[in-house]
Protein chains: 2
Amino acid sequence: MSYTLHRGDALTVLKTLPDESIDAVITDPPYNSGGRTSSERTSRSARAKYVTAGSAHDLADFPGENRDQRSYRSWLTELLTESYRAAVNHAVCMVFSDWRQAPTTSDALQMAGWTWSGTIPWKPASRPRKGGFKQSAEFIAWGVKGSLDNSRKLYLPGHFIASQPRKDRVHITQKPIEVMRQLVRICPDGGTVLDPFTGSGSTGVAAVREGRHFLGVELSAHYVGIAERRLRGELTQDDFTLAGPEK
Amino acid sequence: MSYTLHRGDALTVLKTLPDESIDAVITDPPYNSGGRTSSERTSRSARAKYVTAGSAHDLADFPGENRDQRSYRSWLTELLTESYRAAVNHAVCMVFSDWRQAPTTSDALQMAGWTWSGTIPWKPASRPRKGGFKQSAEFIAWGVKGSLDNSRKLYLPGHFIASQPRKDRVHITQKPIEVMRQLVRICPDGGTVLDPFTGSGSTGVAAVREGRHFLGVELSAHYVGIAERRLRGELTQDDFTLAGPEK
DNA sequence: TACTGGTATGAATCGGATA
DNA sequence: GTATCCGATTCATACCAGT
């Protein structure tokens, strides 16, 4: 398996991809939630919005959390449109969002041409909420280019229960590898998974482990470095596993 | 605890309710999903859509399943607007939907004036899907009139896992009582829960069991009869429980 | 290895003070 | 009134250390 990482703006890089070169898109864009007023949403950094005051960890901030709702929708639509162009027929696109952005996300998915086929909840640990229901779920909107490939003997779950990695976490929104490994199976074996918002590269790690190629784009040099290191580690480990028979 | 059932059109009945007479709205409107084309959605009856072909059971059809998406939104908005008017400050409104209607549902909730505060997934049993992700979740969009009452020491879960009742089921979309019992707790003790689409009356049964009053509306005479019977059973049972100390 | 008890923390939320 | 900042809050769960 191989991986390619681009440091740069997602949309700019996507435009350079050839048609029908991607077999699945799995990504977690910076969605612009959090905060009560529009200015709070657009002016505060991701860390300021999402990290509990007093939290001891010191994870780096990430860019892209400054769009208002309308611009988020059109930006995401354009991005998914380019992904659609670069995808093969039967390709699946999966986009993470929180509850606030879920409707906007499925709108953008459809506006970009994908056939919206479902919304999958997954449950990270979360805080309780006094006087009401705790918000314990996040969502993955998924869609297909054309129709699902019914010839594959593939049955994937419709919801995931897992929590964020706590140890060795390098990104505020890092996803558990076990969940990502399930998701990348939607990509045919040996195909290429695209993640325009690579972050710390969990999608890539999962893809490589599951025998898929990975194509990642990330704006922040800090995170490109981290993703590169993690992915290189995977390949080295693979080679090692191949070389020595034990375990 | 007491209950009131109206046989009639939801909107018509809602308009007759006095202002600020309702403490919570919990309902499962007939949403128009299923079917890939708008004509498929609007022409097939609820039974045809939701009941497995060849299934032997004989649940009655229910009305209201023939709206297209736009008209569904405006109809639901009007309905939720009337509910909003009839609700007290801090009242919570919860609306069930499937994944397809979830964005429309949160739109309507907000258009009606409620402050959308979250989307809760709940998982009924479902069939796997070849070549992709199983669609195992349905959603409850919830919102508040004004703001949540933070003085209550109430902490409710953010997702529910339960399967639809199989035995003793009297309505196609009947919800498990255990889930409904959790939901009705959002209504203050002794308050009144409104369900404009009572169906077989599960919301009412849960409300009565949890010590809330219930106000239900149902168009179908068939289901009003069933709901009435179930609710009367609850009260009788309550009386019995009160009379005899054992269990 | 399996259990147990202590501790840290979360893609938040809320009220209130300040500018 | 709006924007911004600050700090208190809440408990299920993962993690750790110790038996």
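Since the model is a prediction, treat every value here as computed from it, not as a measurement. In what follows, every chain begins at residue 1, and chains take the letters A, B, ... in the order their sequences are listed. Computed over heavy atoms, backbone and side chain alike; hydrogens, waters and symmetry mates excluded.
Residue N150(B) is in sugar-phosphate contact alone, with no base atom involved, counting any heavy-atom pair closer than 4.0 Å across all strands shown. S126(A) comes within 4.0 angstrom of a base, heavy atoms only. Nucleic acid contact for T173(A): base, since at least one base atom lies under 4.0 Å from a heavy atom of the residue. Residue-level contact check: P157(B) touches neither bases nor backbone, having no heavy atom under 4.0 Å from any strand. Within the nucleic acid shown, Y31(A) comes within 4.0 Å of at least one base atom, counting heavy atoms only.
Taking the nucleotide of DNA chain C with the nearest heavy atom to each of G35(A) and R169(A), the more 5' of the two is matched to R169(A). Between H159(B) and K167(A), the one whose closest nucleotide on DNA chain D sits nearer the 5' end is H159(B).
Under the 6.0 Å cut-off for aromatic ring centres, W99(B) and W116(A) qualify, their centroids lying closer than that.
In summary, the side chains of H222(A) and S220(A) do not present any donor paired with an acceptor at a separation below 3.5 Å, with no hydrogens or angles considered. There is no side-chain donor-acceptor pair under 3.5 Å between E138(B) and S97(B). For the 3.5 Å distance criterion, the side chains of S38(A) and D68(A) fail to qualify, holding no donor opposite an acceptor.
Rounded to the nearest Å, the gap between the P atom of dA11(C) and that of dC6(D) is 22 Å.
Note that the first and last nucleotides of DNA chain C, 5' to 3', having any atom under 4.0 angstrom from a heavy atom of chain A are dA8(C) to dG16(C).
Ion pairing between a basic and an acidic side chain is recognised when a charged N comes within 4.0 Å of a carboxylate O; R47(A) and D61(A) show no such pairing.
Considering only residues two or more places apart in sequence or on other chains, D168(A) meets the salt bridge (charged side-chain N to carboxylate O under 4.0 Å, His left out) condition with none of them.
Every pair passing salt bridge (charged side-chain N to carboxylate O under 4.0 Å, His left out) that includes a residue from residues 171-192 of chain A is listed here, sequence neighbours excluded: D28(A)-K175(A), R181(A)-E210(A), R185(A)-E210(A), D189(A)-R212(A).
Proximity of R73(B) to T105(B): side-chain heavy atoms (C-beta onward) are nowhere separated by under 4.5 Å. Between C93(A) and L109(A), the closest side-chain pair of non-hydrogen atoms falls below 4.5 Å. Residues M180(B) and F160(B) are not in side-chain contact: their nearest non-hydrogen atoms beyond the backbone lie 4.5 Å or more apart. For the pair I140(A) and T119(A), the minimum side-chain heavy-atom distance is 4.5 Å or more.
The stretch residues 128-140 of chain A touches DNA chain C through R129(A), E138(A), each having a heavy atom under 4.0 angstrom from the strand.
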Polar atom pairs between nucleotides 5-8 of chain D and protein, under 3.5 Å, N or O only, would you list them?
none

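A cation-pi arrangement is present between K145(B) and Y84(B), with the terminal nitrogen or guanidinium carbon under 6.0 Å from the aromatic centre and inside a 45° cone about the axis.
Checking each of E228(A), R232(A), R230(A), E234(A) against Y3(A) for a side chain to side chain donor-acceptor pair (under 3.5 Å) leaves exactly one that passes, namely E228(A).
We find that CZ of R41(A) is positioned 12 Å from P of dT4(D), with the value rounded to whole Å.
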Can you run through DNA chain D from 5' to 3' and write each base as (, ), [, ], | or . depending on how it pairs? Watson-Crick or G-U wobble, both distances under 3.5 Å.
-> .||||||||.|||||||||

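Checked by atom type and distance alone, the side chain of S74(A) pairs as donor or acceptor with a backbone atom of R70(A) at under 3.5 Å.
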